[in-house]
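FYI, the numbering just counts along the sequence from 1.
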Amino acid sequence: MPFTTARDTRVHYEVDGHGPGLVLVHGVGGDAEKVFGNVVGHFTSSRTVVRPNFSGSGQTADDGADLTVDLIADQVAAAAQAAVDGPVDLFGFSLGAVAAAVVAATRPELVRSLVLAGGWAHSTGPRDQYYFQTAAKLLAADRELFKRFSALTGFSTATLDRFGHDGLAYSLADAWPPPGIGRQLDLGGRVDIRPLLPRITAPTLVIGFAEDAMIPIDGSRQLSAAIPGSRLVEVEGQGHMDWFADPSGLIKLTTDFIDE
């Protein structure tokens, strides 16, 4: 169970496989295993796969202060540099996409290619502020209501129906969310990385989910428009977290891009 340090934090990460580095960065309420446990095996035959846990997830430990995008980006970069030599392919999901974009903008020598899935450039608009504030209030008031809200906004209608009554009831019994999610939600509502995006020089693939009610696809469109030379793929019929149930499409998009 490897650890490294970034600023005054002890960063927990997982590393598997052999070959060039591929770093996978989770989002709010996720961690290295919960988000990428069913993905990592698709890459380990040809890649060293690094899965950092930023503050609030896994066993990463810090002083409990408010999170910043710069801090979680430093944690991602520290894990990448501790686990592999040379530049890495960097994949970020949701808030992990925000962190990955900052790493690519501020440490261009570290990033060979960049994939941003379900990410966003800023959360300063009325809708996003309303969303993150509502999520935080639900988390503070009733964790089951928060879990229901997260499922309803995180998955598409079709995926929720495929889960069925039993599957949805089972999800309520899960131990999620982790204790640190409140700090991550707070950070989600304070994101604004627009000044950094034009500085990204790595080849970049932006993946947006057309049915995303958690992080609307306009966030991916804004990222792609601001990152020079980036490619945007809009996945029809998919919600923010649908790929958790079937990651094959996302794996293919990522593999095809980083192997180019």
What class does the angle between the rings of Phe36 and Trp243 fall in, given that below 30° is parallel, 30 to 60° is tilted and above 60° is perpendicular?
-> tilted

When rounded to the nearest 0.5 Å, the distance separating CG of Leu138 from CG of Leu145 is 6.0 Å

| query | Going hydrophobic residue to hydrophobic residue with side-chain gaps under 4.5 angstrom, can you get from Leu185 over to Leu152? | reply | yes

In terms of hydrophobic clusters joined by side-chain contacts under 4.5 Å, are Leu71 and Val69 together? yes

Residue pair Thr9 / Gln75, side-chain donor-acceptor N/O under 3.5 Å
yes

Exactly one of Glu33, His26, His12 clears side-chain hydrogen bond (donor to acceptor under 3.5 Å, both in side chains) with Arg51, and that residue is Glu33

Exercise. Are Phe244 and Phe93 close enough that their ring centres sit under 6.0 Å apart?
Worked result: yes

Query raised in the report: Step by step, would you call Leu253 with Val235 a side-chain contact (heavy atoms from CB on, under 4.5 Å)?
Result: CA-CA 10 Å; Leu253 284 172; Val235 183; 4.2 Å; yes

| query | Sub-3.5 Å donor-acceptor pair from the side chain of Thr44 to the main-chain atoms of Asp16, do we have one? | reply | no

- Query: Can you tell if the side chain of Val233 reaches within under 4.5 Å of the side chain of Phe257, non-hydrogen atoms only?
  - Reply: no

field: Polar side chain donor-acceptor pair, Thr159 to Asp242, under 3.5 angstrom
entry: yes

#### Entry: Side chain to side chain, Pro195 and Asp192, heavy atoms closer than 4.5 Å
yes

In this structure, would Ile217 and Leu95 fall into the same cluster of hydrophobic residues linked by side-chain contacts under 4.5 Å?
no

Practice problem: Go through the steps to decide whether Phe209 and Phe155 satisfy the test ring-ring contact (aromatic ring centres under 6.0 Å, His included), and finish with yes or no. | Solution: CA-CA 10 Å; Phe209 305 110; Phe155 294 101; over 10 Å; no

In this structure, OG1 of Thr124 is separated from CZ of Arg194 (nearest 0.5 Å) by 4.5 Å

*asked:* Check whether Thr48 reaches the backbone of Gly19 with its side chain - one donor and one acceptor, N or O, closer than 3.5 Å.
replied: yes

Interatomic distance, CZ@Phe132 vs CZ@Arg127, rounded to 0.5 Å, equals 8.0 Å

Do you see a donor-acceptor pair shorter than 3.5 Å between the side chains of Gln184 and Ser57? yes

- [ ] For residues Val76 and Val102, determine if any side-chain heavy atom of one lies less than 4.5 Å from a side-chain heavy atom of the other.
- [x] no

Q. Short question: side chain of Ser123, backbone of Gly188 - any donor-acceptor pair under 3.5 Å?
A. yes

Could you check whether any side-chain heavy atom of Val49 comes within less than 4.5 Å of a side-chain heavy atom of Glu14, counting everything from C-beta outward?
no

- request: Determine whether Phe146 and Pro177 make a side-chain contact, defined as any pair of heavy atoms from C-beta on separated by less than 4.5 Å.
  value: yes

Q: List the steps, then state whether side-chain hydrogen bond (donor to acceptor under 3.5 Å, both in side chains) holds for Ser55 with Asp62.
A: CA-CA 7 Å; Ser55 285; Asp62 62 15; 2.6 Å; yes

All heavy atoms of Pro178 vs all of Arg143, minimum pair found to be O-NH2, 4.0 Å

### Query
What's the verdict on side-chain contact (heavy atoms from CB on, under 4.5 Å) for Ile181 and Trp176, showing C-alpha distance, side-chain angles and the deciding distance?
CA-CA 10 Å; Ile181 191 173; Trp176 188 87; 3.7 Å; yes

Just wondering, are more than 12 heavy atoms of other shown residues or ligands nearer than 6.0 Å to CZ in Arg148?
-> no

* Asked: If only atom types and distance count, is the side chain of Arg112 paired as donor or acceptor with the main-chain N or O of Ala202 below 3.5 Å?
  -> no

When Asp256, Thr254, Thr255 are each screened for side-chain hydrogen bond (donor to acceptor under 3.5 Å, both in side chains) with Lys252, the one that passes is Asp256

Closest non-hydrogen atoms of Tyr131 and Ala213, given as atom of the first, atom of the second and distance, are CE1-O, 4.2 Å

Heavy-atom distance under 4.5 Å between the side chains of Leu223 and Ser230, does that happen here?
no

For the pair Val35 and Leu24, evaluate side-chain contact (heavy atoms from CB on, under 4.5 Å) and give the outcome as yes or no after the intermediate values. CA-CA 9 Å; Val35 176; Leu24 307 177; over 6 Å; no

**Request:** Check whether any side-chain N or O of Arg190 sits under 3.5 Å from a backbone N or O of Leu67 as a donor-acceptor pair, and report yes or no.
**Result:** yes

So CG of Asp212 and OG1 of Thr153: to nearest 0.5 Å the spacing works out to 8.5 Å

Between the NE2 atom in His122 and the CD atom in Gln222, the distance rounded to the nearest 0.5 Å is 4.0 Å

**More than 12 heavy atoms from other groups under 6.0 Å of CG on Asp259** = yes

Exercise. Are Val98 and Leu232 connected, step by step, through hydrophobic side chains (Ile, Leu, Val, Met, Phe, Trp, Tyr) whose heavy atoms are closer than 4.5 Å?
Worked result: yes

| query | Does the pair Arg47 and Asp89 meet the rule for a salt bridge (charged side-chain N to carboxylate O under 4.0 Å, His left out), with working shown? | reply | CA-CA 10 Å; Arg47 301 272 175 173; Asp89 299 303; 2.3 Å; yes

*asked:* With a 4.5 Å cut-off on side-chain heavy-atom distances among I, L, V, M, F, W and Y, is there a chain of contacts connecting Val50 to Val11?
replied: no

Q) Is the number of heavy atoms from other residues, nucleotides or ligands within 6.0 Å of CG (Asp174) greater than 12? A) yes

Interatomic distance, CG@Asp128 vs CD@Gln133, rounded to 0.5 Å, equals 10.5 Å

Nearest heavy-atom approach of Val103 to Leu110 is CG1-CD2, 4.0 Å

Heavy atoms of Ser94 and Ile215 approach each other most closely as OG-CG1, 4.3 Å

When you measure from the side chain of Gln129 to the backbone N and O of Gly189, does any donor-acceptor pair fall under 3.5 Å?
-> yes

> Should Leu187 and Ile72 be marked as a side-chain contact (heavy atoms from CB on, under 4.5 Å) after you check the CA-CA gap, both sets of side-chain angles, and the distance that decides it?
Replying inline: CA-CA 10 Å; Leu187 175 58; Ile72 65 173; 3.9 Å; yes

All heavy atoms of Pro2 vs all of Val15, minimum pair found to be CG-CG1, 4.2 Å

Determine whether Asp63 and Asp8 make a side-chain contact, defined as any pair of heavy atoms from C-beta on separated by less than 4.5 Å. no

Does any donor atom in the side chain of Thr68 or Asp70 lie under 3.5 Å from an acceptor atom in the other side chain? no

Mark yes or no for whether Ser224, through its side chain, and Ser220, through its backbone, hold a donor-acceptor pair below 3.5 Å.
no

For Lys147 and Leu172, the nearest pair of non-hydrogen atoms, with its separation, is NZ-O, 2.9 Å

